[in-house]
Structure formats: structure tokens, C-alpha cells
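Report on the following structure.
For the numbers below, each heavy atom of this structure counts, side chains included, while hydrogens, waters and symmetry mates do not.
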Amino acid sequence: MSTPRPGAPGDFTGASVLVTGGSRGIGREIALAFAERRDLGAEAELVRGNVASTRVAEQVAELGPLTALVHNAATGVIRPAVETEDKHFDWTMSANARALISLTRAAAPTMPAGSSVVAVSSLGSVRVLENYVLVGASKAALEAIVRYLAVELAPRGIRANVVSAGLVDTEALEHFPNREQMLASALDRTPAGRMVTPHDVAEAVCFLCSPAAEMVRGHTLVVDGGYSLLA
């Protein structure tokens with residue numbers, strides 16, 4: 001298996017890429033973006049199950065050397081903090097943050113120099129969003145984990161970074177009781193004049209996995225059209 005060639009940003013010919021949550025929404029767009037860079041000649045292999053489980057980690061270890069590990073899968077209970085239960089916190093933190101450690105632990109030993117780990121986060125990691133306390137806390141933890149991975153994996157030649165997406169209109173928003181208000185507010189507030197799309201996020205992920213991002217380490221790349229710049 002070959003790794004991306006130096007000087008050829010976005011060329012993933014021969015690459016092996018794992019995208020968690022890749023069957024829909026942002027994850028699906030990320031998977032397609034990598035496939036397009038291989039002229040849609042990619043061969044897909046499905047891994048089903050709880051991304052934080054030992055079984056899935058074992059399956060990932062058996063996939064062989066990965067050029068990119070993209071942790072996009074996310075879940076969580078959308079409620080005010082005082083209406084949550086401990087089991088909600090444990091479930092959300094496990095799937096969104098701890099899973100990255102177990103997946104990396106499984107994949108890193110065989111990942112070649114020049115490969116990348118990328119996690120998909122959200123603005124709720126640093127901003128207070130209504131009903132988002134559990135997911136926001138898990139995303140903050142996710143970003144912290146990536147910073148540690150960036151340092152620990154560097155001697156292996158493996159990079160680790162984060163793409164933090166602004167509000168994207170996907171199926172995940174259906175769990176928010178104030179979905180319509182969120183969408184209207186985001187569009188009105190975004191300097192770029194449009195909503196962030198799954199494609200925008202996917203392009204950022206591909207960039208961080210490309211040789212062009214060789215010296216980008218432990219960074220959180222915000223893709224929000226300028227939304228978070230305003231007071």
C-alpha cells in the first residue's frame with residue numbers, strides 16, 4: 001500500500017481510509033471525497049457496531065495499514081444539563097471521545113509515516129449551545145485528545161488534527177427541538193452568506209490528510225464560514 005506522494009496534495013491513490021459514521025451525512029461526504037480523489041475506484045469495507053467497543057477496535061486492527069483514520073461518528077443526548085443522567089454522559093463521552101483513543105490504539109501500530117488521524121468536532125466544544133452540554137463536553141475532550149495524539153504519534157510520522165464544523169443541516173439536527181431557529185440564526189449570522197455543507201467539511205478533512213498539511217499538528221481547523229468570529 002502506498003502513501004500520498006509528496007507534492008501531490010489530495011492524491012490518495014493506493015490509500016486506505018477509515019471514516020467512522022461514514023454511511024450518512026458528513027461522514028458519507030468525507031468518504032466520497034476520498035473516493036473521488038481515487039477517481040471513485042475505491043473498494044469499500046463495512047465495519048458495523050459501537051465505535052467505542054472492543055469488537056470494532058479489533059476489526060479496525062485487522063483492516064491493515066491505514067493512511068487516514070477519520071473519527072466522525074457522534075451521538076449524544078440533547079438536553080439541559082440538569083435533565084441528563086450519568087448514563088447519558090457516559091454514553092456520549094464514550095462514543096464521541098474515548099472511541100478515538102481505542103481506534104487509534106488499534107490502527108497506529110501499522111499506520112505508515114505520513115498518515116493522519118482527523119477528528120470531526122463542533123463549535124459546541126468551546127461555545128455554549130442550547131441543550132448541547134453533553135455533546136459539547138465530549139467534543140472538548142475529543143479536541144484535547146487530538147492534541148495529545150499529535151505529540152505522541154509524531155515520532156511515528158503520524159499527524160493528528162481536528163476539523164470543527166459550524167452548523168450543518170444534516171439528519172443529526174432533527175434531534176434538536178429548536179432546529180428551525182438554529183438554521184435561521186446560523187444563516188443570518190454567517191459572514192460567508194451561506195450555511196456550511198458536508199462537502200466543506202470533507203474538503204477540510206482531505207486537506208489535513210494530505211502532504212500539504214505535513215506541518216499542521218494538533219490543530220483545530222474551524223470550518224464555519226466566519227460564524228464564530230462575531231461577538
Side-chain angles (χ1 to χ4, degrees), residues 4 9-53 55-57 59-60 63-64 66-76 78 92 94-97 99-100 102-104 106-107 115-125 135 138-139 142 146 160-176 179 182-183 186-187 192 194-210 213 220-225:
D11 182 357
F12 292 95
T13 302
S16 179
V17 180
L18 173 66
V19 181
T20 66
S23 63
R24 60 183 180 178
I26 293 174
R28 181 176 184 274
E29 194 68 25
I30 293 171
L32 287 174
F34 278 109
E36 287 170 357
R37 284 160 169 78
R38 297 180 60 178
D39 295 325
L40 295 177
E43 179 180 345
E45 183 167 347
L46 185 63
V47 177
R48 289 183 179 274
N50 181 347
V51 289
S53 69
R55 182 180 64 81
V56 167
Q59 285 185 270
V60 169
L63 290 176
L66 295 177
T67 307
L69 167 59
V70 182
H71 183 39
N72 161 79
T75 187
I78 307 299
T92 305
S94 177
N96 296 355
L100 179 62
S102 62
L103 292 172
T104 302
S115 55
S116 287
V117 174
V118 175
V120 177
S121 185
S122 70
L123 297 180
S125 65
V135 180
S138 71
K139 293 297 189 180
L142 180 68
V146 167
N161 290 288
V162 176
V163 172
S164 180
L167 189 67
V168 182
D169 189 6
T170 64
E171 291 180 17
L173 284 189
E174 294 176 3
H175 299 287
F176 289 78
R179 174 181 178 275
M182 291 171 64
L183 290 172
L187 180 58
R194 67 170 177 84
M195 297 286 294
V196 178
T197 68
H199 179 74
D200 295 322
V201 181
E203 289 296 303
V205 170
C206 287
F207 163 71
L208 289 177
C209 292
S210 77
T220 297
L221 176 58
V222 178
V223 181
D224 69 351

Check: Quick one: salt bridge (charged side-chain N to carboxylate O under 4.0 Å, His left out) partners of E29, sequence neighbours excluded?
Finding: none

Next item on the list: State, with a plain yes or no, whether a side-chain heavy atom of V118 is found less than 4.5 Å away from one of L69.
Entry: no

Next item on the list: Considering non-hydrogen atoms only, spot the tightest contact between L167 and A186 and give its length.
Entry: CD2-CB, 3.6 Å

Next item on the list: For N72, enumerate each residue passing the side-chain hydrogen bond (donor to acceptor under 3.5 Å, both in side chains) test, keeping only those at least two apart in sequence or located in another chain.
Entry: none

Item checked: Min side-chain heavy-atom separation L18-V60 under 4.5 Å -> yes

Margin query: Please give me the minimum heavy-atom distance between L208 and V162, naming the atom from each residue.
Written below: CD1-O, 3.8 Å

Note to self: Rounded to the nearest 0.5 Å, what separates atom CG in L142 from atom NE2 in H71?
What the structure shows: 6.0 Å

Margin query: Just so I know, are the side chains of L183 and L187 near enough to count as touching, which here means a heavy-atom distance under 4.5 Å?
Written below: no

Notebook entry, point to check: Taking side chain as C-beta onward, heavy atoms only, is V168 less than 4.5 Å from I26?
Noted result: yes

Notebook entry, point to check: So how far is it from D169 CG to M182 CE, rounded to the nearest 0.5 Å?
Noted result: 10.0 Å

Next item on the list: Mind checking side-chain contact (heavy atoms from CB on, under 4.5 Å) for A204 and listing every partner two or more places apart, or none if nothing turns up?
Entry: V163, L221, V223

Notebook entry, point to check: What is the minimum heavy-atom distance between A73 and T20, and which atoms define it?
Noted result: N-OG1, 2.9 Å

Check: Which atom pair, heavy atoms only, marks the closest approach of F12 to C206?
Finding: CZ-O, 3.6 Å

Check: What residues form a side-chain hydrogen bond (donor to acceptor under 3.5 Å, both in side chains) with S116, not counting sequence neighbours?
Finding: R159

Item checked: For S121, all residues meeting side-chain hydrogen bond (donor to acceptor under 3.5 Å, both in side chains), sequence neighbours excluded -> E143

Next item on the list: Mind listing the closest non-hydrogen atom pair of A107 and L66 along with its distance?
Entry: CB-CD1, 3.8 Å

Margin query: Take a 6.0 Å sphere around CZ of R179 and say whether it holds more than 12 heavy atoms from other residues, nucleotides or ligands.
Written below: yes

Next item on the list: Please identify each residue that fulfils salt bridge (charged side-chain N to carboxylate O under 4.0 Å, His left out) with R55, with sequence neighbours left out.
Entry: none

Notebook entry, point to check: Going from CG on L123 to OG on S164, what distance comes out if it is rounded to the nearest 0.5 angstrom?
Noted result: 4.5 Å

Next item on the list: Name all residues meeting the side-chain contact (heavy atoms from CB on, under 4.5 Å) criterion together with A74; count only those two or more places apart in sequence or in a different chain, and write none if there are none.
Entry: N96, K139

Notebook entry, point to check: Got a sec, which residues hit side-chain hydrogen bond (donor to acceptor under 3.5 Å, both in side chains) with T170, two or more places apart in sequence or on another chain?
Noted result: none

Note to self: Any non-hydrogen side-chain atom of V117 less than 4.5 Å from a side-chain atom of V146?
What the structure shows: no

Check: Is there side-chain contact between V56 and V47, with heavy atoms separated by less than 4.5 Å?
Finding: yes

Margin query: Can a donor-acceptor pair be found, under 3.5 Å and without considering hydrogens, that links the side chain of R37 to the backbone of A33?
Written below: yes

Item checked: Flag, side chain of S115 to backbone of A68, donor-acceptor distance under 3.5 Å -> no

Note to self: Restricting to side-chain contact (heavy atoms from CB on, under 4.5 Å), what partner residues turn up for S94, sequence neighbours left out?
What the structure shows: A52, R98

Next item on the list: Sequence neighbours left out, what passes salt bridge (charged side-chain N to carboxylate O under 4.0 Å, His left out) with R194? Give chain and number order.
Entry: D200

Check: Which heavy atom of S23 sits nearest a heavy atom of R28, and at what distance?
Finding: O-CD, 3.7 Å

